[in-house]
Amino acid sequence: MHPTLWLMLGHRLLIALLTLVVVSLVVFMATEVLPGDVAQILLGQAATPEAVAGLRTAMHLDDPAFLRFLRWFGGLVTGDLGTSYANNLPITTLIGGRLVSSLKLAGATALFSVPVALTLGITAAMLRGSVYDRAVTVATITVISVPEFMVATSGVLIFAVWLQWLPALSFSRDVQSFGELLRVYAMPVMTLSFVISAQMIRMTRAAVLEALGTPYVEMALLKGASRSRMVLRHALPNAIGPVVNAVALSLSYLLGGVIIVETIFNYPGIAKLMVDAVATRDLPLIQSCAMIFCFVYLLLITTADMVAIISNPKLR
Amino acid sequence: MTQLVDIRDLRVDATTDAGRRIEIIKGISLTVAEGEMVALIGESGSGKTTIALSLLGHARDGCRIAGGSILVAGQDMAKLSERERAKLRGTVVSYVPQSAAAAFNPSLRVMDQVIEITRIHRLMPRAEAEARAVALFRALSLPEPERIGARYPHQLSGGQLQRLAAAMALIGDPRLVVFDEPTTALDVTTQIEVLRAIKSVMRGTSAGGVYVSHDLAIVAQVADRIVVLKNGEVQEEGPTAQILSAPRHPYTKALLAAFRPETVPAQPAAPEAEAAAPPVLEVDDVSAGYGWVPGRAMPLIRAVKNVSFRVERGRNIGIIGESGCGKSTLARTIAGIMPACGGGISLEGQRLAPLAAQRSREQLRRLQIVFQSADTALNPAKQIGEIIGRPLTFYQSLRGAAREARVDQLLDMVQLPRPLKHRHAAELSGGQKQRVNLARALAADPSVILCDEITSALDTVVAAAIIELLRELQNGLGLSYVFISHDLPTVQAICNEVVVMRGGEKLEQCLAMQVGDPSGHPYSQLLMASVPRLDPSWLDGLDHHPQLGRAPPG
Amino acid sequence: MRPQALPSRRPAFRFNLVGWVSLAIILFWALAAIAAPAFAPHGVGDMVDDDYFGPISWALPLGSDYLGRDMLSRIIYGTRYTVGISLAAVLIACTTGVVLGMTAATAGGWLDTVLSRGLDALSSIPSKLFGLVVVAAVGSSIPVLIMTLAVIYMPGAYRFARALAVNVSTMDFVTAARIRGEGTRYLIGAEILPNIIGPVFADIGLRFVFIVLLLSGLSFLGLGVQPPNADWGALVRENIGGLPFGAPAVMAPSLAIASLTISVNLLIDNLPRKIRDRSA
């Protein structure tokens, strides 16, 4: 491999780490400006001033903000996320199982939607201007233009209320069989897939179209190459960077979509946990959830950028 | 005898953005005999590339073959289905593109691309195809013919890629090869190597060829017959010797007349009295480059190294060299677009600050620059009058009627009709845009105008007219030009003295007419010898030239 | 020569049918937002139906909500919040973003680096999450919502404008203006802005759509416009209980959002290519 390649990859990684620090600072500061005294809120209005002062000292609330940030950030790095205000449990315990549930949901969505979306995007680009292409374009514009909760509620309306194929909103029962599992996951996964596929299809189509417009693809045509050879051998290998970028950006949309979907379907994931934490103003929990989301986002984007760097033939 | 190519009444339509259909090829007929090389010559917009592509049955996006027949080896490319055309591409008719650097897929090794035709059409086993390719590389004088195929396109030079593109076209043993300006993007010295390689390899085959170019001298070296095109119509057609020596059509005559503009008679050195005055521009030991690293005094890449020259009032100096020689960097450094990292620049005896932002308005006014590409040098969102008027307001605080009057005057000076000031740049032709560009520089009433390749993007006839205009303007205004170009004849047409550059260094400075004299620098002689001549025996005659006579280096 | 580069002039605005229909729908909602009381058949809080989640009827074209109020009227009044907040946010986001973007592109150097890096970091916080955190911290009110939405979408507008401006500022006509001695204000206002204004307007439209969607999403989660006021997202939230009955009160506000956002998207898609092309 090219030495410049390593240099560029290292540079990209460094930027990601720096961004993570900046983001954690923003998250910390955003929750810092909360009006009201945390100790007072925790102890309730009836607490004596002495008790409140004692709690403040115990929680290091009187330390300068910078020191508290350092302590909090150090905890993040070492895996100590602190304690929830609401129920006094370690946040690591609260998040653990929820994170796994959310990852399952996201993983199932990605497994389902990435192959479908890439196929649709690439074929639409290959058949540019055809009825098929126009249908795909109109469908993706429509899906991008509507809010996630509309996709979810329409799904419920059609499949649960009218057709009665799938359960509507409940995750309360224990899942017994594979068939049931499928039925339970179908609605959330379908909703999320719809939302992220539309983005992915549009961006993939654009990336492939751009590669198809290059002089070397025209050259392939003039050598007698078939349409599929032009796309598969000449256009796609040079569109890897943009396509991976499209996939990563779309998957990062999952992070937003999952907040709505978990709420609507009452799915016990980390997004639901966070929305509930906002309702109870459980700051340490909100901070931790936010950092997890940001971390996943950065991971996706950084990976995509690195793939783009590696796929650049000039660095081979 | 049946012809290899027989185009009858070819018509090609293009759809404009507004949805209008216009005819860009208006009923062209031409033939190519077996083994014959026919040149299509014309300026931009003449339709030569469109015709070349139609020989492969291809029309670019928005274009459509609207009528006529294109018989290639007996088959009508206009009537075949796309699948049938694909079968003929590469095997019967093949294509060498203008910019091979862009036509090679950056993510595949060149060997895979050179032999791709044999894979697509299943012509021969892979090993045989590679052996054939290596033989072609050798015939095209490519360096390391055994190993060059394993490289990626970005590891090779433009001249090498252009020859590889020729190998790619010949691998399927086609009966017709279409060359689409294969040497236009190359430097003169590289152009010769590629041209020779193409000529010798085509001699070794029985294939016929169509050679598209805008350069009569290039075409004179390779073609048996020349077809002159303009605006999608054939103007004149005939054997090469006849077109060059006895053109019949006025347009062909104009092309030939514009080909070599008459040169400035070598003026005697300026009288003693004037020589005492400070030179209008003095460049003293200037270095410049790219890649500034904090904490380092010098940039990482030095594109200009210790160059000095002076320009006396009313005299012109040419700076010539091939791409990468640092001539454009030098121009940008003089203009203050990028800072010099050593040396100094003085304008009429005043030392200039390195960057334009630090120079006084008066200094900026007296030193103007005209850029190569008139397309990007004019703001597309503004009217021409506003573009020319802005320096008048900015430097001389002219407004209202006074400004309008001056704009009209300037338009007259560059010989453009006055109503043009209400138009936008997109509505002007290339030559008109370059005149506006010049008018904007003149509006500042400068002492020196830096001309950075101002005729390179223009068609020959238009470029000749711009040179003529520059000369006329100079007579009245006492201007000096610093004329930067890669084209020696153009520089000789306008400049008194010439600075020859290579690798960022000034090799020599001499009177324009003496460039290439045996007493001068060998590289200057090479440059001079590389300038194509209209004489069809020029290329073959170079075998006896001291620098070019040996086998072309890689 | 390239045949597609033929000079051509297209009338500045020539729409097809889709474009006209989209424009009509957008104008309809704009009118509804300005003159809600004149449009709405009932007051926003009037309980006009004995039943809750009433079906579609002549009297109540979109049925009634969970308290028996007229859905059509509530949607028309909700337009003010959805369109008003989004419009304010998009204008703040795009004005600051475009001005900063053009300045960064023209000035270059450390200003550009600091701005670009900082805003990149800001935009690496997923938008809904950012909304959640801010609302958790300072609570939800209309000014807070507008500022939050503006801050979330400003980096995108910045990056878009900067990329366009960088393309333009490498053009020789900008260099020519620079070495004429022109100042940054002139470069931005006279040389760069006129050449990017078309795509910038298209970008404002797209960003407006994103903001409408995010605002609706936040309101749907109960973090946006607070009761008793309700934008379209909040209307879906308060009526979500009617979903098992297939009540029109659930889908009608969603359809209102969709009609607005799809229209804006289709209008932009049908703009003349010159304006729509995103050279970034």
Side-chain angles (χ1 to χ4, degrees), chain A residues 15-16 18-23 25-27 29-35 137-138 141-142 144-151 153-154 156-157 160-162 168-169 252-260 263-264 271 274-275 277-283 286-287 289-290 293-294 296-298 301, chain C residues 18 117-118 120-140 148 206 209-210 212-223 232-233 236-237 239-240 242-247 250-251 253-255 257-266 268-269 278:
Chain A
I15 286 179
L18 277 176
T19 312
L20 195 63
V21 174
V22 174
V23 165
L25 201 63
V26 172
V27 168
M29 283 192 321
T31 44
E32 265 306 297
V33 293
L34 174 80
T137 306
V138 169
I141 287 194
T142 309
I144 287 174
S145 311
V146 304
E148 295 99 337
F149 62 76
M150 182 172 174
V151 177
T153 47
S154 314
V156 171
L157 207 58
V161 179
W162 293 343
L169 302 175
S252 77
Y253 252 71
L254 268 178
L255 301 173
V258 91
I259 296 178
I260 300 279
T263 311
I264 286 198
M274 183 163 169
V275 173
V278 171
T280 57
R281 295 195 136 187
D282 190 345
L283 278 191
I286 296 174
Q287 286 172 339
C289 292
F293 275 97
C294 291
V296 173
Y297 180 87
L298 272 175
I301 299 301
Chain C
V18 180
R117 282 272 163 268
D120 264 357
L122 191 62
S123 66
S124 69
I125 303 175
S127 54
K128 285 212 180 54
L129 194 80
F130 194 96
L132 280 183
V133 172
V134 171
V135 169
V138 291
S140 184
T148 310
L206 288 181
V209 168
F210 291 141
V212 167
L213 292 178
L214 179 57
L215 172 66
S216 307
L218 286 176
S219 289
F220 175 79
L221 292 173
L223 305 167
W232 292 342
V236 178
R237 175 185 171 82
N239 291 308
I240 194 78
L243 188 58
F245 322 119
V250 190
M251 291 314 288
S254 298
L255 289 173
I257 298 172
S259 71
L260 177 63
T261 52
I262 294 178
S263 297
V264 173
N265 260 335
L266 287 180
I268 293 168
D269 245 41
R278 316 182 108 208

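Proteins come first, then strands; the chains are lettered A, B, ... in the order of their sequence lines, and each starts at number 1. Predicted, not measured: the structure shown is a model, and the values here were computed from it.
Separation of atoms CG (C:Asn239) and OG1 (A:Thr153) is listed at 11.5 Å; rounding is to 0.5 Å. Distance check: A:Ile264 CD1 to C:Phe220 CZ gives 3.5 Å after rounding to the nearest 0.5 Å. Note: A:Ile144 CD1 to C:Thr261 OG1 = 11.0 Å, rounded to the nearest 0.5 Å.
C:Ser140 places a side-chain N or O within donor-acceptor distance of the main-chain N or O of C:Leu223, the cut-off being under 3.5 Å.
The contact between C:Ser216 and chain A is made by backbone and side chain atoms together, counting heavy-atom distances below 4.5 Å. Using a 4.5 Å cut-off between heavy atoms, C:Arg237 makes no contact with chain A at all. Of the two parts of A:Leu20, neither the backbone nor the side chain holds a non-hydrogen atom closer than 4.5 Å to a non-hydrogen atom of chain C. Within the 4.5 angstrom heavy-atom criterion, only side-chain atoms of A:Leu298, from C-beta onward, approach chain C. When heavy atoms are compared at a cutoff of 4.5 Å, A:Thr263 approaches chain C solely by way of its side chain, counted from C-beta outward.
With chain A as partner, the option from C:Ser127, C:Pro253, C:Gly217, C:Ser263 having the largest number of non-hydrogen pairs under 4.5 angstrom is C:Gly217. Among C:Val250, C:Val236, C:Val212, the residue with the largest count of heavy-atom pairs under 4.5 Å with chain A is C:Val236. In terms of heavy-atom pairs under 4.5 Å with chain C, the best-connected choice from A:Trp162, A:Tyr253, A:Phe293 is A:Phe293. Of the listed residues A:Ile301, A:Val22, A:Ile141, the one with more heavy-atom pairs under 4.5 angstrom with chain C than any other is A:Ile141.
Residues C:Leu221 and A:Ile260 have side chains in contact (heavy-atom distance under 4.5 Å, counting atoms from C-beta outward).
Heavy atoms only, all atoms of each residue included: A:Ser145 and C:Leu213 are closest at O-CD2, 3.4 Å. Of all heavy-atom pairs between A:Ala290 and A:Met274, the closest is N-SD, 4.0 Å.
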